[in-house]
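Side chains are part of it too, since the values below use all heavy atoms of this structure and drop only hydrogens, waters and symmetry mates. It should be emphasised that the depicted structure is a prediction, and the values quoted were computed from it without experimental measurement. Whatever order the structure lists ligands and atoms in, that order sets their numbers, starting from 1.
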Amino acid sequence: MTTLTDLYPSRGATEVSVPRQDPVVWGSPDVPGPIATGDLRSYERDGFLAIDQLIAPDEVEVYRQELDRLIDDPAIRADERSVIEPASQEIRSVFEVHRISEVFANLVRDERVVGRARQILGSDVYVHQSRINVKPGFGASGFYWHSDFETWHAEDGLPHMRTVSVSIALTENHDTNGGLMIMPGSHRTFLGCAGATPRDNYKKSLQMQDAGTPSDEALTKMAGAHGIKLFTGKAGSATWFDCNCMHGSGDNITPFPRSNVFIVFNSVDNAAVEPFAAPVRRPEFIGARDFTPVK
Ligand code: 6CS
Ligand code: FE
């Protein structure tokens with residue numbers, strides 16, 4: 001078995017920053033697709049692309065109802081795919097919705113969604129992870145700063161940065177209810193975090209991440225160099241962002257829920273291998289092991 005070199009060392013004794021060694025946009029710019037060339041260029045520069053309306057308001061209603069159906073189903077609440085808010089005991093997230101819900105499976109296959117992922121990644125793609133984040137109001141907690149790729153490399157074994165996420169708003173993202181924040185341009189630096197990955201880390205990290213958390217010094221440097229952008233938008237708006245963007249979101253203490261569906265597309269040429277910095281693989285509902293391309 002060829003041992004892949006670890007281009008992005010992390011979870012060792014000390015924090016280490018290395019330059020990105022992978023392209024951001026893998027497809028050639030003149031490949032036809034839903035994303036205009038200018039937008040592809042700004043995605044390359046910033047690490048993200050915001051779309052005012054990816055799906056129409058009447059479609060959002062379908063997905064909102066499906067989200068409500070899922071979180072009201074006691075079997076879903078009891079399922080290991082559901083992450084419960086520690087304080088309120090409300091459902092925080094449900095993973096693998098693209099497999100447990102035909103409605104969300106259709107969203108993944110929608111050309112407006114998978115077509116953009118193929119264009120950015122320059123290949124067929126499969127879903128590495130999907131989740132609905134409910135983020136109800138009245139104190140739902142956010143996600144501290146992190147790079148998703150740092151986790152997906154260390155714990156799920158994705159070798160290269162050839163992975164893109166899309167967060168589709170199912171309720172309005174105001175500037176007050178815990179929206180997504182990204183440091184523009186941070187995707188071009190890989191920050192390897194200090195601290196070994198505990199076994200069964202996911203049981204804690206999906207509520208409050210510990211391993212894979214950047215230091216205050218690193219965050220201060222990155223925020224100073226790149227700034228911070230807050231994403232707002234109506235239900236149906238979407239943010240595409242590179243797997244290595246430094247991002248996070250605040251708590252939502254307003255009465256307005258901030259629900260979204262989050263889909264992670266990975267290139268079929270970047271299929272998961274063994275974790276680069278964790279004792280065991282995470283469960284398949286978090287890090288897929290079925291690499292069948294989305295058709
Ligand atoms: O660990 C993960 O895979 C998840 N954690 C966060 C905070 N963002 C990415 C992903 O959904
Ligand atoms: Fe994340």
Side-chain angles (χ1 to χ4, degrees), residues 8 10-11 47-48 80-86 91-99 104 108 117 126-135 140-158 161 163-169 173 178-184 186-187 190-191 193 195 197-214 219 222 228-231 238-252 258-266 270 272 275-289:
Y8 300 108
S10 190
R11 314 268 172 111
F48 57 76
E80 60 177 346
R81 290 172 183 79
S82 292
V83 180
I84 308 295
E85 282 277 0
I91 289 191
R92 174 183 171 90
S93 305
V94 179
F95 278 85
E96 216 175 33
V97 288
H98 70 289
R99 290 176 73 119
F104 285 114
V108 163
Y126 72 92
V127 177
H128 171 68
Q129 180 183 110
S130 71
R131 61 196 281 186
I132 46 176
N133 291 310
V134 186
K135 211 168 200 179
S141 47
F143 293 99
Y144 193 67
W145 294 107
H146 62 284
S147 151
D148 292 341
F149 179 76
E150 193 277 338
T151 293
W152 296 337
H153 179 73
E155 298 192 55
D156 298 339
L158 301 193
M161 295 178 180
T163 319
V164 62
S165 301
V166 61
S167 171
I168 304 173
N173 287 358
L180 172 66
M181 296 181 283
I182 297 178
M183 296 187 191
S186 59
H187 63 303
F190 177 76
L191 187 71
C193 298
T197 311
R199 187 174 284 273
D200 286 356
N201 184 44
Y202 71 93
K203 289 186 177 158
K204 201 171 40 66
S205 69
L206 297 178
Q207 285 180 328
M208 183 63 68
Q209 190 164 357
D210 185 6
T213 300
L219 289 171
M222 287 183 110
I228 296 175
K229 178 176 172 53
L230 171 69
F231 289 82
T239 307
W240 288 85
F241 60 108
D242 176 82
C243 57
N244 188 44
C245 287
M246 188 58 72
H247 69 288
S249 62
D251 292 353
N252 178 11
R258 185 196 155 251
S259 303
N260 69 337
V261 53
F262 174 78
I263 306 163
V264 183
F265 292 101
N266 189 34
N270 189 41
F276 284 86
V280 291
R281 293 180 177 185
R282 296 201 295 178
E284 296 197 27
F285 67 83
I286 299 178
R289 288 283 157 175

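Stacking of K229 on the aromatic ring of F231 is recorded, both the 6.0 Å distance cut-off and the 45° axial limit being met.
A centroid separation of 6.0 Å or more is found between the aromatic rings of H98 and F104. In this structure, the ring of W152 has its center less than 6.0 angstrom from the ring center of H128. Taking the six-membered ring for Trp and the full ring otherwise, the centers of Y8 and F149 sit less than 6.0 Å from each other.
Between E284 and R289, none of the side-chain N atoms (NZ, or NE/NH1/NH2) sits under 4.0 Å from a carboxylate O, so this pair counts as no salt bridge.
Taking both residues in full, the closest heavy atoms of D251 and G142 are given as OD1-N, 2.8 Å, listed atom of the first, atom of the second, then distance.
The angle subtended at the Fe ion (ligand 2) by OD1 of D148 and NE2 of H146 is 80°, given to the nearest 10°.
Every protein residue with a heavy atom nearer than 4.0 Å to ligand 1 is included here: Q129, R131, F143, H146, D148, T151, W152, L206, F262, R282.
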